[in-house]
Amino acid sequence: MRVAVTGSQGQVALSLLERGAEQGIEILALARPQLDLADPTTVLPVMSAAKPDIIVNAAAYTAVDLAESEEALAAKINDAGASAVAQAAATLGVPVIQLSTDYVFPGDLDRPYREDDATAPINAYGRTKLAGEDAVRAATPSHVILRTSWVYSPFGKNFVRTMLALGETRPALNVVADQIGQPTAALDIADAILAICHRLTTGPRSESLFGTFHMAGTGATSWADFADLIFAEASRHGRAPVAVTRIASDAYKTAAKRPANSRLDTQKLAEAYGVRLPAWQTSVSETVNRLLAD
Ligand SMILES: NC(=O)c1ccc[n+]([C@@H]2O[C@H](COP(=O)([O-])OP(=O)(O)OC[C@H]3O[C@@H](n4cnc5c(N)ncnc54)[C@H](OP(=O)(O)O)[C@@H]3O)[C@@H](O)[C@H]2O)c1
C-alpha cells in the first residue's frame with residue numbers, strides 16, 4: 001500500500017511517517033515547494049507522479065489566532081488546497097482522507113458533538129476548515145473526513161511541549177479551565193488513519209465507510225486538568241512541581257475565540273471501522289515519557 005500524505009513536518013505527517021516505517025507501509029510525504037496547497041496547480045502533477053493507492057491530506061493552515069487576520073490565506077490552503085487534493089484523488093480514482101477539526105462547531109451543546117450536528121464555526125480557522133470539508137464532499141464521494149481535536153505529539157508546536165517548556169522556568173501557571181475537549185495524540189491518529197487506509201484499499205468498499213467521522217482520544221478534560229496530568233508525569237522524571245491555577249477563558253485573551261465544548265462523539269467511527277483511540281491519559285503519559293526520557 002502506497003499512502004501519499006501532504007506536508008512532511010506537521011504533527012500528523014511525521015506520525016504517519018514514523019508509524020508507516022514501523023508497520024512496513026510506504027508513506028510518501030509530499031510537501032512544499034513541490035506540492036503547495038496555496039498553489040492548487042501544483043497538486044495533481046505531484047500526486048500523479050506518486051501513484052498512491054490512497055491520499056491523506058494532513059497539511060493545513062493551522063495557526064488558529066493568526067487566521068483571524070489572514071483568513072484569505074488560510075482559506076486558500078484549507079479550502080481551495082483541500083479541494084485540489086480531493087480532485088486529484090478523484091482524477092486518480094483513489095480515496096482521500098481529509099483531516100478536519102472540532103472548531104467547525106460553536107461549542108454550545110452540553111454533550112459530545114455528533115457528525116450530523118449543525119456546524120457554525122466561531123473563528124476564521126474553523127470557517128476555512130468547514131469550507132474545506134464541503135469542497136472535499138463536492139469533489140469526490142470516495143472521501144473520509146476525520147474531525148479531530150486538541151492534537152499533540154512529540155513533534156512541532158503543541159500544548160504538551162509548550163507546558164513542558166514553560167514548566168522548566170515557572171513554578172506556577174494560569175491555565176483555562178472552562179473549555180473541555182479530548183486531547184488526541186497524533187501518533188494515535190496515525191495508527192487510526194493507517195487502519196482506515198488498509199481497510200479502504202483491501203476489503204470491499206461499502207457506503208458506510210465513506211463520509212464524515214469524529215476521531216479523538218477517549219475521555220474528556222479541561223486544559224487545566226490536561227496541564228495537571230502533564231506536570232504529574234513530568235515530576236516522575238525529576239521535574240520540579242508546577243502549580244496550575246484554574247482561570248476562565250475571559251481572563252486569557254486570544255485573537256480567535258475557542259468553543260467551550262469541543263467534545264466529539266466517536267461512535268460512528270467505531271461502528272464503521274472498529275477504530276477507537278486510547279484513553280487520553282494513556283497517550284499523554286506516553287508522550288511525556290518519550291519527551292523526557294534519559
Ligand atoms: N493541531 C490541532 O490541535 C488540530 C486539531 C484539530 C484538527 N487538526 C487538523 O489536523 C491536521 C493536521 O494538523 P497538524 O497538527 O499535524 O498540523 P501542523 O503540525 O501545524 O502541520 C501543518 C502541516 O501543513 C503543512 N502546510 C501548511 N501550509 C501548506 C501549504 N501551503 N502547502 C503544503 N503544506 C502546507 C505544513 O508544511 P511543512 O511540512 O512544509 O511544514 C505542515 O506539514 C490539519 O488538517 C489540522 O487542521 C489539528
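The structure presented is a predicted model; accordingly, all values stated were derived computationally and were not measured. Residues: numbered from 1 along the sequence shown.
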If only side-chain N and O atoms count, and only distance matters, is there a donor-acceptor pair under 3.5 Å linking N289 with H237? yes
Hydrogens and angles aside, do Q98 and R137 bring a side-chain donor and acceptor to less than 3.5 Å of each other? no
Should side-chain heavy atoms under 4.5 Å link Ile, Leu, Val, Met, Phe, Trp and Tyr, which residues sit in the same cluster as Y103? V64, Y125
Is there a side-chain contact between L277 and T184 in this structure, where contact means two heavy atoms from C-beta onward sitting under 4.5 Å apart? yes
Which residues pass the side-chain contact (heavy atoms from CB on, under 4.5 Å) test with T119, not counting sequence neighbours? V104, F105, L130, R147
Gap separating the NE2 atom of H143 from the CG atom of L209, nearest 0.5 angstrom: 12.0 Å
Can a salt bridge be assigned to the pair E26 and R2 using a cut-off of 4.0 Å between side-chain N and carboxylate O? yes
Check: S262/D102 side-chain N/O donor and acceptor closer than 3.5 Å: yes
Regarding N158 and Q11, is there a side-chain donor-to-acceptor distance under 3.5 Å anywhere? yes
Could you note down all residue pairs passing salt bridge (Lys or Arg N to Asp or Glu O under 4.0 Å) where residues 202-219 supplies at least one of them, sequence neighbours left out? none
Might you point out which heavy atoms bring A58 and L99 nearest each other, and give the distance in Å? CA-CD2, 4.5 Å
So, does D225 use its side chain to make a donor-acceptor pair with the main chain of S222 at under 3.5 Å? no
Suppose we screen for side-chain contact (heavy atoms from CB on, under 4.5 Å). Which residues come up paired with E18, at least two apart in sequence or across chains? E22, F155, L187, R290
Test: salt bridge (Lys or Arg N to Asp or Glu O under 4.0 Å). Region: residues 176-192. Which pairs qualify, not counting sequence neighbours? R19-D191
Residues R246 and D228 bridged, charged N to O under 4.0 Å: yes
Sequence neighbours excluded, the answer for side-chain contact (heavy atoms from CB on, under 4.5 Å) partners of A227 is F159, M163, V175, F231, V244
